[in-house]
Colleague: 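Structure incoming, see below.
Proteins come first, then strands; the chains are lettered A, B, ... in the order of their sequence lines, and each starts at number 1. These values consider heavy atoms only, across backbone and side chains, with no hydrogens, waters or symmetry-generated copies.
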Amino acid sequence: MAMGNRAPGSVLVVDDEEDLRILLRLELEAEGARVWEASSGAEAIDILATTTVDVMLLDLALPDMDGFEVLERLGERGDLPRMRVIVVSAHADENRVRRARAAGCDAYLYKPFSSAELWAAVSPGDAGET
Amino acid sequence: MEPRRAAAAVTAVLLAATAIATWTSALSVDESTQQQFDRLADNARGAIESRVGQSTEVLFALSALYGQGDVDRQGFRDFVSAIDLARLPGLQAVSFNRRVRAGDLAAFESAVRSDPAFGPGGFPGFAVYPKREAAEYYVVEHIEPLAGNEAALGFDIGSDDTRREALLEARDSGDAVATRGIDLVQFRDATAGGRGVLVILPVYNSARDGKTTPERRRAFHGVVVVALHVDEMLRDVLGPRSPVAFEIYDVGPTVAGPRSTVREADLLFDGDGTLGALHPDRARSPHRFLDMDVGGRRWRVFAEARGALPGAPSDVVTIVVGAAGSALAFLVGGVVYAAAQARAHRRREVFDGYLRLTPEAVIVVNARGEITHANARVEDLFGYAPDDLIGETVEVLLPERFRTGHVAHRARYAADPRIREMGGELALYGRRRDGTEFPVEVGLSPLMVDSEALFGAAIRDVTQRHEAAQALRVALDREHEASAQLREVDALKDEFLDITAHELRTPLTSILGFTELLVHRRDTMPDDRVSDLLSRIDANAIEMREMLTRLLDVSRLRAGRVELHPESVVLRDALTEIVDRPGSSAGEHAVLVSVDDGLVAHVDRNALDHVVSNLVSNAVKFSPPMSPVAVTARRTDREIIVAVIDDGPGIDPGDVAKVFDRFFQGRTHVPGVRGVGVGLSIVKRYVDLWGGQVWVDSRPGAGATFSFTVPLARDRGDGDG
């Protein structure tokens, strides 16, 4: 169902899988978000150097560096507090989740996720964290 | 206890007891003998007194006769013949010696000559002799028995000092007086041994019987005399038959003081002619002196035991005790010995029986290392008959390399012998007669037999145990290997499943997401977008299928469940078909197939498919879109080399070796490329399975060429396939 409420203004989708980027773009744009794409950690860092986004959807399995490293770098740079970070991963074990939270993520998306789960993570509102 | 010692001990004890008993017996015999001897000696004195007394009785009887008046010849004869002279051995004669005054001598002689008692004619030869001048003579008037004593008639006993002395003493004392030992007149001419004694009793005229010496002298009528042949008198009681040898010596007048020692001259009687009294200290048997008084004379009797005394326990008893006791001691000792031997024998039999039956080979070794016993089982284990081993050194049963060490070992064991096991954990081997070896276990124990130090060894053939242990070890090792492999496979599977599951999530996310978008927003979606999404869904689904296929492949390959069925495959057609297949991994790439003419491989078609698909899929993934990918096949002398060439980023030289490892993906990762890293590992598996080789040539930035070999089909007639 379309979520008309509280779509973020801008979203950075970081994933090396083209299909996932397309999927997320379509989903987010349908609700009026401005979507940026990065297919690697380096690319994401570059984009964020010059652009501010409201939400970052970050795949942990990136080709050049894993998501944690990206977070670390961004954290050093002080970019993290300005945006909502959602980590996306095919693994959902406790260690990773804990580590992700410790690294500064606000939500954890476990593949495969439904549209509802996606929106719940992106703009929690009353629904709370996922 | 050891038989000899037991028997010896028993015998010794019994012999000791016998010795004590014998000694006691001897002592008691000695004592009895002594008592018996004393008794006999006393008896002898009694006998002497009695015999002498009996003869003296005659004197008193005769004296009493004369007391009634003078006795004529016939009366004298009658008197004497009334005496049973047989009862009086030794009594030679009874005589009356008349006191004849010198003046009366002629008348006396005449009267006697004409005595009618002599028979008609009287006795004309009668004369008083020896002729001497004296105041009075004491003449043998009567003497009986006359036969044998005729010579004494007329003898004047006053002519002989000894006789006269005794006579005068008798006249004066009125008592019977004995002479010392004299030669009796009767036997003067006869053989030696005529020693006798006269016992003289005075006869007085009754009218002038008086009590004082002067009175007696006045009344003195004459003397009656018995002549005693002492030897004859006493021979039958004190003679050779007597167990005690007697000797009698006249040692002088009692009153005047007898001599203390005896002289041969004093001899009256010598029972065995030994004159033992002269040297009493030489006597070996019990002996003693007894004194007695006979007619005023001191007779000293010497008694010496001769042989066994009647009534005394003889030494035979002692001998019997000693002999019987000793015999018994040895007999009992013998019995004990026999019993102990039998027991030992029985024990040995039991032991031997056990030795025969026991499944172990048993040997006994002495301190020098020589085998002294071996049971029958040694033949089964070592191949030697038991008898062959006796006397051999125990080391003969060991392999040569152990022998020196074993000798030293034996010495150490002898110093500290204990029951213990040998072998066990150590590799201990025995050596058979034929030289072969086998593992053994040995139980040692020290033995002590007849105070010789021996060692018993029970030997077990533990070949089976060894082999079993060995087999067990081998089985364990294999088991470990197998279980390690299984664990590896298991871990691999887990890892694999993990990764695959993980990897599958991504295409699934796309499929679900796109599907959801189409479901919810298709109405607002342009057609080309819809087609695009549908294609992507399709592609992701295929991707998932391929992942699953590869997963199953690996699973099957690792489990060894893949069987290859090679056949003749025309390569150009096969390779083209794989590449051009709808839905293949070629995707947007133009894949060129270049195969030499007429190449036919001998290979499993399905396996070839897997290999080529994987390589092409990799090539496509790892090279940029639209970059060329080629599949070639050419032949060498013996095989065909198929190659898949891409123009992608290449592979680090450091990674080349690892590229066929499972899950390896390589650093130069192309974005957007994903997939379980098993593809190349699958390729390697299949190629290994058909006995080929696979390798990669690559330089970073210059693409990669993966090559593998397949066998030539045999019907081509080239090479050996």
Colleague: With a 4.5 Å cut-off on heavy-atom pairs, point out which of B:Thr524, B:Leu512, B:Thr509 contacts chain A the most.
Modeller: B:Thr509
Colleague: Around A:Arg77, counting heavy atoms of other residues, nucleotides and ligands shown, do more than 12 lie under 6.0 Å from its CZ?
Modeller: yes
Colleague: Taking CZ in A:Arg73 as the centre, count heavy atoms belonging to other residues, nucleotides or ligands within less than 6.0 Å. Is the count above 12?
Modeller: no
Colleague: Using a 4.5 angstrom heavy-atom cutoff, name the option from A:Leu24, A:Leu26, A:Leu20, A:Val88 with the most pairs to chain B.
Modeller: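 Max contact count across the listed options: A:Leu26.
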Colleague: Tell me, for B:Leu533 versus chain A, whether the close heavy atoms (under 4.5 Å) come from the side chain, the backbone, both or neither.
Modeller: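 Looking at B:Leu533, just its side chain touches chain A.
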Colleague: What do the steps show when you test A:Glu29 against B:Arg521 for salt bridge (Lys or Arg N to Asp or Glu O under 4.0 Å), and what is the final call?
Modeller: CA-CA 12 Å; A:Glu29 280 181 347; B:Arg521 299 182 195 275; over 6 Å; no
Colleague: I need the B:Arg505 CZ to A:Phe113 CZ distance, nearest 0.5 Å.
Modeller: 12.0 Å
Colleague: Start with the C-alpha gap between B:Arg529 and A:Ile22, add the side-chain angles, then the distance that decides, and say whether side-chain contact (heavy atoms from CB on, under 4.5 Å) holds.
Modeller: CA-CA 11 Å; B:Arg529 172 62 73 187; A:Ile22 292 172; 3.9 Å; yes
Colleague: Is the CD atom of B:Glu577 crowded by more than 12 outside heavy atoms at less than 6.0 Å?
Modeller: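 Yes - once you tally the heavy atoms of other residues, nucleotides and ligands closer than 6.0 Å, there are more than 12.
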Colleague: When A:Pro112 is tested against each of B:Leu508, B:Thr506, B:Ile511 for side-chain contact (heavy atoms from CB on, under 4.5 Å), which residue passes?
Modeller: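 Looking at B:Leu508, B:Thr506, B:Ile511, the match for A:Pro112 under the side-chain contact (heavy atoms from CB on, under 4.5 Å) is B:Leu508.
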Colleague: B:Ser510 and A:Leu23: which non-hydrogen atoms are nearest, and at how many Å?
Modeller: CA-CD2, 4.2 Å
Colleague: Are A:Glu18 and B:Arg536 close enough, and set up right, to give a side-chain contact (heavy atoms from CB on, under 4.5 Å), and what steps lead you there?
Modeller: CA-CA 10 Å; A:Glu18 190 193 1; B:Arg536 288 181 190 270; 3.4 Å; yes
Colleague: To the nearest 0.5 Å, how far apart are CG in B:Asn540 and CD in A:Glu17?
Modeller: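 Between B:Asn540 CG and A:Glu17 CD, I get 7.5 Å after rounding to 0.5 Å.
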